[in-house]
Participant: 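Supplied in structure tokens, the structure appears directly below.
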Amino acid sequence: MSEKDKTVQHFLDLIKKSRKGKFKIYIGMSAGVGKSYRMLQEAHALLKNGIDVKIGFIETHNRKETHALLEGLPVIPRRTLFYKGKELEEMDVQAIINVRPEVVIVDELAHTNIEGSKNEKRWQDVIEILEAGINVISAVNIQHIESLNEEVKTITGIEVKERIPDSILTLADEVVNIDLTADELIIRLKEGKIYKQEKIQAALQNFFKSDHILQLRELALKEVASQVERKVETEVTKTQAIKHERFLACISSNDHTAKVVIRKTARLANYFHSKWYVLYVQMPNEHADKIALDKQRHLINNFKLATELGAEIIKIESTSISKTIVSQAIERNITTICIGKPHLNMFKIIWRTNLLNTLFKKLSSNNIDLVILS
């Protein structure tokens, strides 16, 4: 692309950005903290101030106080679909775009759409609405953020299936935390304000344990703080230059270690609001005709995960792992390299030979940090 073409493309990108709707996300540590309630309150306030606001999709879960707030708010009817012999409802994205309200409320951001829908996920619906120039207010629980998946599973013992890429949060113009103490949330649960009576005891023994709530609350607070820092860095003029961090996650065909490295590097990159890469060095014994099919499949899935989390994938065939890591780090102005602790894979090779010393020396001379993730 010529310099002239780049200038034209940059201007077109600016035009597209200016036409996009504004995006606000409410984050909560769990169900029942009041995200939907707050969105409906905001909708009433906007309506009172003459803003054309409509409800695209809201899930009240039949909670009395939340459901009462729907009164007086214009709702865009959902579309009806038949799936496996059942009549189901989904948000009508096209109807929202056709009606073109100034602001639309879209709940349950991590929701998976019914098979046969235009988009697989609701967050993809939201991007489509934003690109149509409509402002969106949405909500999500902290456990649905992709890079936090392992941490949430460790805390609660539950693997959350519906997740959103971290990149969706970086698209948001505002991220707001809806916060309650653990005691307040448990009281709401016991009073029947979150789940029906028959589900309360099971919830208290599982997801709604006090220590679980405290840890999820910490994750939510950290995430929102990170997003606020991102806005400060991008929107507030600094008198001193900011060091721009760049992360390089080095993975092998070891599925479990690769996932850990990808997710933890994604968190680091998200915290610093920085660009990051995933490097896979394919050794001669890992060519497609020499590596097991299940390992190939896991590798492809890990590339997909990294892409969803915002990484750029680098795949290089080489017989020298350390040299490839260093050369890629220098070429891409990497500040921090992230690797997994040694297993029976390429990092064990590094560990048992002088390759580690070579790697340390090269990185040290180029002011590049090395982080070993457990």
Side-chain angles (χ1 to χ4, degrees), residues 110 112 120-121 123-124 143-154 158-170 245-272 274-322 324-329 331-332 334-351 359 370-374:
T112 301
E120 183 187 352
K121 298 284 189 176
W123 59 263
Q124 294 169 319
Q143 62 264 31
H144 295 289
I145 296 172
E146 178 63 62
S147 66
L148 291 173
N149 185 251
E150 288 297 325
E151 283 184 72
V152 170
K153 187 178 178 182
T154 301
I158 298 166
E159 183 173 10
V160 178
K161 300 295 184 184
E162 292 188 320
R163 306 191 288 269
I164 67 166
D166 291 48
S167 56
I168 299 303
L169 290 179
T170 62
E245 298 286 342
R246 284 191 171 209
F247 292 87
L248 180 68
C250 300
I251 68 166
S252 71
S253 55
N254 183 300
D255 177 45
H256 177 71
T257 304
K259 272 194 175 69
V260 170
V261 172
I262 288 167
R263 285 198 169 112
K264 289 194 174 183
T265 307
R267 290 301 301 161
L268 286 168
N270 187 54
Y271 181 80
F272 286 100
S274 59
K275 190 172 180 63
W276 68 292
Y277 304 84
V278 167
L279 171 64
Y280 168 61
V281 182
Q282 187 183 66
M283 300 291 282
N285 63 344
E286 290 187 320
H287 284 164
D289 59 340
K290 294 179 181 178
I291 190 171
L293 285 173
D294 62 329
K295 282 197 171 186
Q296 288 186 45
R297 187 173 67 252
H298 290 316
L299 197 56
I300 291 166
N301 288 338
N302 283 331
F303 287 156
K304 184 182 176 185
L305 171 65
T307 303
E308 287 175 351
L309 291 173
E312 183 180 322
I313 307 298
I314 309 164
K315 183 179 174 183
I316 294 176
E317 292 184 24
S318 175
T319 56
S320 176
I321 295 165
S322 61
T324 306
I325 291 173
V326 172
S327 65
Q328 285 298 310
E331 182 183 329
R332 297 172 191 275
I334 299 299
T335 58
T336 305
I337 291 172
C338 300
I339 65 174
K341 64 181 179 181
H343 291 274
L344 292 173
N345 55 26
M346 72 176 186
F347 296 124
K348 195 156 190 178
I349 297 168
I350 291 175
W351 228 257
L359 187 61
L370 178 66
V371 176
I372 300 167
L373 301 169
S374 60

Participant: Roughly how far, to the nearest 0.5 Å, is the CG atom of Asn254 from the CG atom of Leu299?
Facilitator: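 Leu299 atom CG to Asn254 atom CG measures 10.5 Å (nearest 0.5 Å).
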Participant: Can you tell me how far apart CG (Leu279) and OG (Ser318) are? Round to the nearest 0.5 Å.
Facilitator: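 Nearest 0.5 Å value for the CG-OG distance: 9.5 Å.
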Participant: In the structure I gave you, are the side-chain heavy atoms of His144 and Val152 within less than 4.5 Å of one another anywhere?
Facilitator: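 Side chain of His144 against side chain of Val152, heavy atoms only: no contact under 4.5 Å found.
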Participant: What is the distance from atom OG1 of Thr154 to atom CG of Asn149, rounded to the nearest 0.5 Å?
Facilitator: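 Reported value, rounded in 0.5 Å steps: 9.5 Å.
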Participant: Mind listing the closest non-hydrogen atom pair of Phe303 and Ile251 along with its distance?
Facilitator: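 Smallest heavy-atom distance, with atoms named: CE2-CD1, 4.0 Å.
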Participant: Can you name the closest pair of heavy atoms from Gly340 and Thr257 and give their distance?
Facilitator: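 Answer, listing the atom of Gly340 first, then Thr257: CA-CG2, 3.9 Å.
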Participant: Under 3.5 Å, side chain of Thr335 to main-chain N/O of Arg246, donor-acceptor pair present?
Facilitator: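 Confirmed, Thr335 side chain pairs with Arg246 backbone.
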Participant: I need the Gln328 CD to Tyr277 OH distance, nearest 0.5 Å.
Facilitator: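 So the gap between those two atoms works out to 9.5 Å.
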Participant: Do Lys259 and Leu305 touch side chain to side chain, with heavy atoms closer than 4.5 Å?
Facilitator: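 With C-beta onward as the side chain, the pair touches.
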Participant: Please tell me if the side chains of Pro284 and Thr319 come closer than 4.5 Å, counting only heavy atoms from C-beta onward.
Facilitator: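 Yes, close enough: below the 4.5 Å cut-off.
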Participant: If only atom types and distance count, is the side chain of Glu162 paired as donor or acceptor with the main-chain N or O of Thr112 below 3.5 Å?
Facilitator: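 Pair found, side chain donor or acceptor close to backbone of Thr112.
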Participant: Is any side-chain heavy atom of Thr170 less than 4.5 Å from a side-chain heavy atom of Asn270?
Facilitator: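 Yes - at least one pair of side-chain heavy atoms lies under 4.5 Å apart.
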Participant: Provide the closest heavy-atom pair for Ser274 versus Glu245 in the form atom of the first, atom of the second, distance.
Facilitator: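 Closest approach of Ser274 to Glu245: CB-O, 2.7 Å.
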Participant: Can you name the nearest heavy-atom pair linking Ile339 to Val261, along with the distance?
Facilitator: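 Closest heavy-atom pair between Ile339 and Val261: C-CG2, 3.9 Å.
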Participant: Could you tell me which non-hydrogen atom of Thr265 sits nearest to which non-hydrogen atom of Ala249, and how far apart they are?
Facilitator: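 So the two residues come closest at OG1-CB, 3.5 Å.
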Participant: For Glu312 and Lys275, run salt bridge (Lys or Arg N to Asp or Glu O under 4.0 Å): C-alpha distance rounded to whole Å, both residues' side-chain angles, the deciding distance at 0.1 Å, then the answer.
Facilitator: CA-CA 8 Å; Glu312 183 180 322; Lys275 190 172 180 63; 3.5 Å; yes
Participant: Can we say Arg163 and Glu308 salt-bridge, meaning some charged N sits less than 4.0 Å from an Asp/Glu carboxylate O?
Facilitator: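 Salt bridge: no.
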Participant: To the nearest 0.5 Å, what is the distance between CG on Asp255 and CG on Asp294?
Facilitator: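 Rounded to the nearest 0.5 Å, the CG-CG separation comes out at 9.0 Å.
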Participant: Can we say Glu151 and Arg263 salt-bridge, meaning some charged N sits less than 4.0 Å from an Asp/Glu carboxylate O?
Facilitator: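 No.
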Participant: Side chains of Thr336 and Leu268: does their closest heavy-atom pair fall under 4.5 Å?
Facilitator: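 No - every pair of side-chain heavy atoms lies 4.5 Å or more apart.
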Participant: CD1/Ile314 to OG1/Thr324 distance, rounded to the nearest 0.5 angstrom?
Facilitator: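 Going from CD1 on Ile314 over to OG1 on Thr324, the span is 11.0 Å.
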Participant: For a side chain to side chain contact (heavy atoms under 4.5 Å, CB included) check, start with the C-alpha distance between Ile337 and Cys250, then their side-chain angles and the critical distance, and finish with the verdict.
Facilitator: CA-CA 7 Å; Ile337 291 172; Cys250 300; 3.8 Å; yes
Participant: Do Val278 and Asn302 touch side chain to side chain, with heavy atoms closer than 4.5 Å?
Facilitator: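 Val278 does not reach Asn302 side chain to side chain.
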Participant: State, with a plain yes or no, whether a side-chain heavy atom of Trp276 is found less than 4.5 Å away from one of Ile262.
Facilitator: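 Counting from C-beta outward, Trp276 and Ile262 do come under 4.5 Å.
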Participant: Check whether any side-chain N or O of Asp166 sits under 3.5 Å from a backbone N or O of Ser147 as a donor-acceptor pair, and report yes or no.
Facilitator: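 Yes.
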